[in-house]
Amino acid sequence: MNKVLVSLVALVATTLVVSPGSAQQLASLETSRIVIAPPQSALARTIKSGLSAAYYGARPDTRAHEEAQRLYFLYGERHFEPIWLAEQANGTVTFSPAATKIITLFENAASEGLDPSDYLTPQIDAARLSGDGIELATLETAFSAATMRYADHLHNGRIDPQSISSLLDLKRKPINEAALLEQLARSNDPAAILMQLEPQHREFQALKAALANFEPSSAARPTPISDGPVLRPGNSDARLPAIRARLELAASTSQLYDDLTVDAIRSFQKGQGLEVDGIIGPATVAALNGGVATRREDIIANMERWRWMPSDLGDFTVFVNIPEFRLAILRNGQEEYTTRVVVGTTKNQTPIFSDSIRHVVVNPYWNVPSSIIRGEIAPAVLRNPGYTDSHNMDLLYNGAPVSPWQVDWTQVSPSNFPFRVRQRPGAGNALGQIKFLFPNKHDVYLHDTPSKSLFARSYRAFSHGCVRVQNPMEFADALMANEPNISRASLESMFGPSERWVNPQKQIPVHLAYFTLRVDEDGTIRSFGDLYGHNEKLIAAMGLDAIEPPAIVAEAETAPRELSP
């Protein structure tokens, strides 16, 4: 039985170990009192007997003992009356009306993108209703466990983000389980209560509706268009007949990228939110492969990622969708500003997490990360001690600048490099003229960049993990819309050789997110390439059947070599 006992709720801040048997008291830091009330029915006495056996049978100082104690106190507060079982006049035991309705939810869990087998476990089989006291206690507590598992999956998702990647740094959202169980037990509509736990965001609800209306025939896909060289108008390529078929143009065996196909590609790019340039690069190929038919597993995986997000994104917030290479400022869910961004490479991925922008730094220093120092700067300095000066950088030892010409470099190696490196403010600074800080353990942030040419590309994964903003001063102006004393003009007036910090009165939520499906206001679902492979890994972890090999975006375009975050 101990196997099915789960931790339902921490009822008090601290507890005294109390022997279950009669009315008991618990002390907490807030001196709250919890009374263990005596059972008043035969079924309640049966439940108490089973819970007592589990409690006494668990070895002290173990999780099983702690869980059994919590369950004992939870049910003890309610005279050990069951939440999910009901005793009929003839003495038979049945599921309560609330339990019956929740079982229906379990059976229909697939409509939520969940797996019914996670909740319809053997421990809650109706055959156990005719069992002895231990069986009934097991059934009661197992049903509570299944209900809390279902609630948690609605609220937080089935899969731990960290099991997909350590860079999916998303926080679980708490549930007051004791209050929820009591509310469900008293409710005539437990489904309405549980549905409050799922994301209320418009896009999640749209994906849920798309899942409900999904037809397997809509997922039929032609053979994926293969990777290859970037195609410009007038080029020839063997993939052109397949591309025309994908665009539903008249069939043709011509391998010439002609004007008709260019116009169709431009229309397709506009609909996908890509750069409308008529050039068929990696991002356009990925969109052609991912945008024709939305797979059921893609819908479910993106619903799961919405469950990982905070319930409240904020009334005024910054939302960066990595696969989309795009940033938006949202007010009450509506876009007020949007711009292109450059994100981390597949090797140096931008982490996924939520935080708050707290500082704006004008004329920033760039404190070079240790990974870039070891991999790039240290070897360059060892070859040429003048490297740091030529890149407007300071070599720091114990926090103080030192001249590279005074260092005995024969005693230094990339793996034994005792210096920190920072780049001084200036036109060539890797952070440009401004950065937007939300202090975090990943040491990433939003910032300007002198490498403006990369924003013209459709594929924009070229950074070491930070997010570069195409129009940083326009973004700053939109970001400071609620700040009476900060504006684009006031920030630009600070341009110069000295670093200047500005602290907004209100912190602004920022979300670095990863969605391969986005839903427009009109219900149109747009697909984006699985840049880092998170989507296919999640599909596999959820046990869903992928229709085709992973559509991971290949880093086919190369950026100019540069030092940058």
Work out which heavy atom in Ala513 is nearest to a heavy atom in Pro323; give both atom names and the distance. O-CD, 4.2 Å
Less than 4.5 Å apart, side chain to side chain, heavy atoms only: is that true for Ile434 and Val361? no
Do the side chain of Trp409 and the main chain of Pro404 share a donor and acceptor less than 3.5 angstrom apart? yes
Test item: side-chain donor near acceptor, Thr284 and Gln269, under 3.5 Å: yes
With under 30° as parallel and over 60° as perpendicular, where do the rings of Tyr337 and Phe475 fit, or are they tilted in between? tilted
State, with a plain yes or no, whether a side-chain heavy atom of Ile377 is found less than 4.5 Å away from one of Phe419. no
Might you work through the ring-ring contact (aromatic ring centres under 6.0 Å, His included) test for His442 and Phe353, ending with a clear yes or no? CA-CA 10 Å; His442 304 285; Phe353 66 102; 5.2 Å; yes
What I'd like to find out is whether the side chain of Val444 reaches to under 4.5 Å of the side chain of Pro351, using heavy atoms alone. yes
NZ or CZ of Arg296 within 45° of Phe214 ring axis and under 6.0 Å: no
With a 4.5 Å limit on heavy-atom distance, are the side chains of Met393 and Trp366 in contact? yes
Do Tyr459 and Phe325 pass the ring-ring contact (aromatic ring centres under 6.0 Å, His included) test, and can you show the C-alpha distance, the side-chain angles, and the key distance before you say yes or no? CA-CA 8 Å; Tyr459 178 92; Phe325 306 118; 5.8 Å; yes
What heavy-atom pair brings Gln423 and His391 nearest, and what distance separates the two atoms? NE2-O, 3.1 Å
Evaluate the side-chain proximity of Met494 to Val502: yes if any heavy-atom separation is below 4.5 Å, no if none is. yes
Under 3.5 Å, side chain of Lys173 to main-chain N/O of Arg307, donor-acceptor pair present? yes
How about Tyr514 and Tyr532: do any of their side-chain heavy atoms sit closer than 4.5 Å? yes
Residues Pro364 and Gly432: closest non-hydrogen pair is CD-O, 3.7 Å
Would you check if the side chain of Arg340 reaches a backbone N or O of Phe455 as a donor-acceptor pair within less than 3.5 Å? yes
Please determine whether a side-chain nitrogen of the Lys or Arg among Arg295 and Glu536 lies less than 4.0 Å from a carboxylate oxygen of the Asp or Glu. yes
Counting neighbours of OH on Tyr397 that are heavy atoms of other residues, nucleotides or ligands and sit closer than 6.0 Å, is the number greater than 12? no
Test item: Ser463 side-chain N/O and Val343 main-chain N/O as donor-acceptor pair under 3.5 Å: yes
State the CD1-CG distance between Ile352 and Leu168, to the nearest 0.5 angstrom. 6.0 Å
For His511 and Phe319, take the angle between the two ring planes, folded into 0 to 90°, and tell me which bin it lands in: parallel under 30, tilted 30 to 60, perpendicular over 60. tilted
Name of the residue among Phe438, Tyr445, Trp501 meeting ring pair (Phe, Tyr, Trp, His ring centres under 6.0 Å) with His359: Trp501
Walk me through whether Leu260 and Val262 qualify under side chain to side chain contact (heavy atoms under 4.5 Å, CB included). CA-CA 5 Å; Leu260 180 64; Val262 171; over 6 Å; no
Asp443 CG to Cys466 SG distance, which is reported to the nearest 0.5 Å: 6.5 Å
Ser356 side chain vs Arg358 backbone, donor-acceptor pair below 3.5 Å: no
Rounded to the nearest 0.5 Å, the CD1 atom of Ile525 sits from the OG1 atom of Thr516 at a distance of 10.5 Å
Does a donor on one side chain sit under 3.5 Å from an acceptor on the other, for Ser458 and Asp277? no
Going by an N to O cut-off under 4.0 Å, is there a salt bridge joining Arg420 and Asp394? no
Considering non-hydrogen atoms only, spot the tightest contact between Ala427 and Pro450 and give its length. O-CB, 4.0 Å
Kindly indicate, with the supporting measurements, whether the criterion side chain to side chain donor-acceptor pair (under 3.5 Å) is fulfilled by His447 and Gln433. CA-CA 8 Å; His447 67 88; Gln433 294 178 297; over 6 Å; no
Examine the side chains of Asp298 and Asn535 and answer whether a donor and an acceptor come within less than 3.5 Å of each other. yes
With distance as the sole criterion, is a donor-acceptor pair present between the side chains of Thr338 and Arg326 under 3.5 Å? yes
For Pro472 and Lys452, the nearest pair of non-hydrogen atoms, with its separation, is CD-NZ, 4.0 Å
Under a 3.5 Å threshold, yes or no: a donor from one side chain and an acceptor from the other, between Thr261 and Asp258? yes
Spacing of CG belonging to Asn440 relative to CG belonging to Leu512, to within rounding of 0.5 Å: 8.0 Å
Judged by modelled atom types alone, do Arg232 and Asn235 share a side-chain donor-acceptor pair under 3.5 Å? no
Donor-acceptor under 3.5 Å (Ser390 side chain, Tyr387 main chain): yes
Is Glu304 paired with Arg158 through a side-chain N to carboxylate O contact shorter than 4.0 Å? no
How many angstroms lie between CZ in Phe528 and CZ in Arg518, if you round to the nearest 0.5 Å? 7.0 Å
So does Asn482 have more than 12 non-hydrogen atoms from other groups sitting under 6.0 Å from CG? yes
For Ile329 and Leu479, run side chain to side chain contact (heavy atoms under 4.5 Å, CB included): C-alpha distance rounded to whole Å, both residues' side-chain angles, the deciding distance at 0.1 Å, then the answer. CA-CA 7 Å; Ile329 294 179; Leu479 189 68; 4.3 Å; yes
Give the minimum heavy-atom separation between Gly465 and Thr350, together with the two atoms involved. O-OG1, 2.8 Å
Output for pair (Thr345 OG1, Leu531 CG), nearest 0.5 Å, gives 9.0 Å
NZ/NE/NH1/NH2 to OD/OE distance under 4.0 Å, Asp160 and Arg172: no
Does Arg239 reach the side chain of Ile280, with side-chain heavy atoms less than 4.5 Å apart? no
May I ask you to decide whether Glu483 forms a salt bridge with Lys506, counting only side-chain N to carboxylate O separations under 4.0 Å? no
Donor + acceptor pair across side chains of Asn392, Arg424 (<3.5 Å): yes
Keeping Asn363 on the side-chain end and Ser498 on the backbone end, is there a donor-acceptor pair under 3.5 Å? yes
For His153 and Glu198, which I'm curious about, is there any donor-acceptor pair between the side chains at under 3.5 Å? no
Does a sphere of radius 6.0 Å around NZ in Lys171 hold more than 12 heavy atoms from other residues, nucleotides or ligands, not counting ones at 6.0 Å or beyond? no
In plain terms, say whether Asp448 and Lys435 are close enough for a salt bridge, that is, a side-chain N and a carboxylate O under 4.0 Å apart. no
Is there a donor in the side chain of Ser252 and an acceptor in the side chain of Ser254, or the other way round, less than 3.5 Å apart? no
Going by an N to O cut-off under 4.0 Å, is there a salt bridge joining Arg202 and Asp520? no
Using a strict 4.0 Å threshold on nitrogen-to-oxygen distance, state whether Asp315 and Arg331 make a salt bridge. no
Would you mind reporting whether Asp118 and Asp115 have side-chain heavy atoms less than 4.5 Å apart? yes
Any donor-acceptor pair under 3.5 Å linking the side chain of Asp263 with the backbone of Ser267? no
